[in-house]
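Lettering of chains follows the sequences in order, A, B, ..., and the numbering in each one begins at 1.
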Number of protein chains: 2
Amino acid sequence: MAANRNTIIRLSKYKSALFRLKALGFVKVFSDNLGDAIGVAPTQVRKDFSLFGISGSKRGGYQIEQLIENLNALLGKNQTEKAILAGIGNIGAALLHYKGFEKEGIKIVAGFDIDPSKYSKEAPTPILPLSEMGDFIKEHGIKIGIIAVPEIAAQIVLNAMVTSGIKGILNFAPLQLKSSNDVIINNINIELELENVIYHVNAMSTTEGVKSN
Amino acid sequence: MAANRNTIIRLSKYKSALFRLKALGFVKVFSDNLGDAIGVAPTQVRKDFSLFGISGSKRGGYQIEQLIENLNALLGKNQTEKAILAGIGNIGAALLHYKGFEKEGIKIVAGFDIDPSKYSKEAPTPILPLSEMGDFIKEHGIKIGIIAVPEIAAQIVLNAMVTSGIKGILNFAPLQLKSSNDVIINNINIELELENVIYHVNAMSTTEGVKSN
DNA sequence: TAGATTGTTAATCGATTAACAATC
DNA sequence: TAGATTGTTAATCGATTAACAATC
């Protein structure tokens, strides 16, 4: 009934699809089109919108422009969201330079690491000692943290973030992090996702007759 | 009933937890412990195992060593799995150097890009022209591909992979890729996951009374 | 108007959890 | 044996989908 994780993920997907449609010059859209675009049933689309009080017109579908505005308001994309990043290793450095965040209104305002050779206080996005992270979070009122430190350090970094006021975390360390339930943690475990692909590929080739080879 | 995505993800998580328990010197484990470890109900654990014919002993729980073996066999982790990577940008380069795959028996055997300055045929993991990807896949019988190219190139790269025989894909380009249903595609959309965290943080602070601030 | 599409209620489906007999 | 834990069936829960009245 409520706004569960999958519902929100779908809202974000609708928004991406709407931007693409808008870029193509479309002005209105039907639940049918939008369903096709993100691979769900049209009823699902209408149900999702109705859940958040977004309505279209009975015969004319939804106005794309207005729908985007509604979704932006809902997803909190009307102001830029500041985030910090802990761990400037492989993944961390990639995230730091990742272009995709900007268009979603997300800005990584600082990175933190324990390795002094990584520090660069004058960079556009400064890299600072991990020991300064807590103060930085408090001083700038940051709510969102990204964890890209090694597995062994992840829980400690998490605790430091939460203690200083972080409320939402995207975690790339390959373990299930735990915290009190007034903190949102979203775990992205790349190994696990790849392992999952491999499983399904192998399962497929054994179940449904081996092809070619 | 069948082995859906979430079930497999849980199996992988059990396996990680079991490795940790084993490292701590434990020999056997109960569904209760394992449930705690990955945050699910003990019944869920037993159900999952029973689904794959993994059984314990009525009074003594499960032998960790044996359980790991069972899970490895199931998840196809008994032999190394070869994968290729398309797109050596921020994310691609990070994945190329990512240490986590090795311990899961996954090896990226080659990277591909269109930028000649990225090529390095002699590197331990060679970076080759994207145009050679198809032949490489066929020649080495690769089944798993990772896509880390820009959004605009993703569908083309996907098609090239599938045409050459790739059966499973982990996609980091921020769009929902589509293919025939004998190809497994697992989309990791980092922006979307972060946006999701932000939504829930904002939703929380408005619903459950703003705290401190 | 007739036709098409929304919005919502009811039905279905699938996954999780509870209950409990079997048994170590 | 008594107590604890598995394995599985039945119940519950939640999310998706179908159906259809309202209406543009």
Side-chain angles (χ1 to χ4, degrees), chain A residues 1-14 17-18 21 26-71 74 176 181 196 199-200 203, chain B residues 1-14 17-18 21 26-71 74 176 181 196 199-200 203:
Chain A
M1 191 197 280
N4 70 67
R5 183 192 138 85
N6 287 338
T7 311
I8 304 304
I9 294 275
R10 280 198 303 273
L11 292 186
S12 291
K13 288 183 181 174
Y14 296 139
L18 288 166
L21 288 170
F26 286 88
V27 171
K28 63 182 187 181
V29 68
F30 302 120
S31 60
D32 203 39
N33 312 137
L34 222 33
D36 283 348
I38 80 155
V40 302
T43 336
Q44 180 81 80
V45 177
R46 301 202 295 275
K47 187 73 178 262
D48 286 341
F49 289 169
S50 116
L51 201 63
F52 291 95
I54 297 175
S55 59
S57 72
K58 291 268 182 198
R59 181 68 179 68
Y62 304 84
Q63 295 295 314
I64 290 179
E65 195 60 54
Q66 191 189 324
L67 206 42
I68 289 178
E69 257 175 58
N70 280 327
L71 290 173
L74 250 157
Q176 194 96 345
N181 57 5
N196 193 244
Y199 169 81
H200 285 291
Chain B
M1 188 198 283
N4 69 68
R5 185 193 136 83
N6 286 339
T7 311
I8 304 305
I9 294 275
R10 282 198 302 274
L11 292 186
S12 291
K13 288 182 181 173
Y14 296 139
L18 287 167
L21 289 170
F26 287 88
V27 171
K28 64 183 186 181
V29 68
F30 302 119
S31 60
D32 205 37
N33 313 135
L34 220 34
D36 283 348
I38 80 156
V40 301
T43 336
Q44 180 80 80
V45 178
R46 300 201 296 276
K47 188 73 179 261
D48 286 341
F49 288 170
S50 114
L51 202 63
F52 292 95
I54 297 175
S55 59
S57 71
K58 291 266 181 198
R59 181 67 179 68
Y62 303 84
Q63 296 294 316
I64 291 180
E65 194 60 53
Q66 191 189 325
L67 206 43
I68 290 178
E69 256 173 61
N70 281 327
L71 290 173
L74 250 158
Q176 194 96 346
N181 57 5
N196 193 242
Y199 169 81
H200 284 292

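- The B/Lys47 side chain lies nearest to D/dT9 when the options are D/dT9, D/dT23, D/dT17.
- The distance from atom CG of A/Leu34 to atom C1' of C/dT5 is 14 Å, rounded to the nearest whole Å.
- The shortest distance between side-chain heavy atoms of B/Glu65 and B/Val27 does not fall below 4.5 Å.
- In this entry the distance linking CG of A/Asp48 with P of C/dT6 reads 14 Å, nearest Å.
- In this structure, B/Phe26 and B/Asn33 have side chains that are not in contact, with every pair of non-hydrogen atoms separated by 4.5 Å or more.
- The CG-C1' distance, from A/Leu51 to D/dG14, rounds to 13 Å in whole Å.
- Minimum atom distance to the side chain of A/Lys58 is reached by D/dT23, of the listed D/dT8, C/dT16, D/dT23.
- Rounded to whole angstrom, the span from the CZ atom of B/Phe49 across to the P atom of D/dT5 amounts to 16 Å.
- The shortest distance between the side-chain N/O atoms of B/Arg46 and the OP1/OP2 oxygens of C/dT17 is not below 4.0 Å.
- Proximity of B/Val45 to B/Asp32: side-chain heavy atoms (C-beta onward) are nowhere separated by under 4.5 Å.
- Nucleotide C/dG14 is matched to D/dC13 when pairs are restricted to Watson-Crick or G-U wobble geometry with both distances under 3.5 angstrom.
- Contact between the side-chain N/O atoms of A/Tyr62 and the OP1/OP2 oxygens of D/dC24 is not found at any separation under 4.0 Å.
- Taking 4.0 angstrom as the limit, A/Asn4 places none of its side-chain polar atoms (N or O) nearer than this to OP1 or OP2 of D/dG14.
- Straight-line distance from the CG atom of B/Asn33 to the P atom of D/dA4: 15 Å, rounded to whole Å.
- A sub-4.0 Å separation between OP1 or OP2 of D/dA2 and a side-chain N or O of B/Arg59 is absent.
- Rounded to whole Å, atom C1' of C/dG14 lies 11 Å from atom CG of B/Asn6.
- The phosphate of C/dT8 has OP1 or OP2 within less than 4.0 Å of a side-chain N or O from A/Ser50.
- Judged by Watson-Crick or G-U wobble contacts below 3.5 Å, the nucleotide D/dC20 has C/dG7 as its partner.
- Taken from CG in B/Asp48 to CD1 in B/Ile54, the straight-line distance is 9.0 Å, to the nearest 0.5 Å.
- Remark: A/Thr7 OG1 to A/Phe49 CZ distance equals 12.0 Å, nearest 0.5 Å.
- As a whole-Å value, the separation of A/Leu11 CG from D/dA15 P is 14 Å.
- The nucleotide whose nearest atom lies closest to any side-chain atom of B/Gln44 is, among C/dT8, C/dT6, C/dT17, C/dT17.
- Nucleic acid contact class of B/Thr43 (heavy atoms, under 4.0 Å, all strands): base.
- The distance from atom CD1 of B/Ile9 to atom P of C/dT16 is 12 Å, rounded to the nearest whole Å.
- Along DNA chain D, the nucleotide closest to A/Gly60 and the one closest to A/Arg10 are compared, and the more 5′ of them pairs with A/Arg10.
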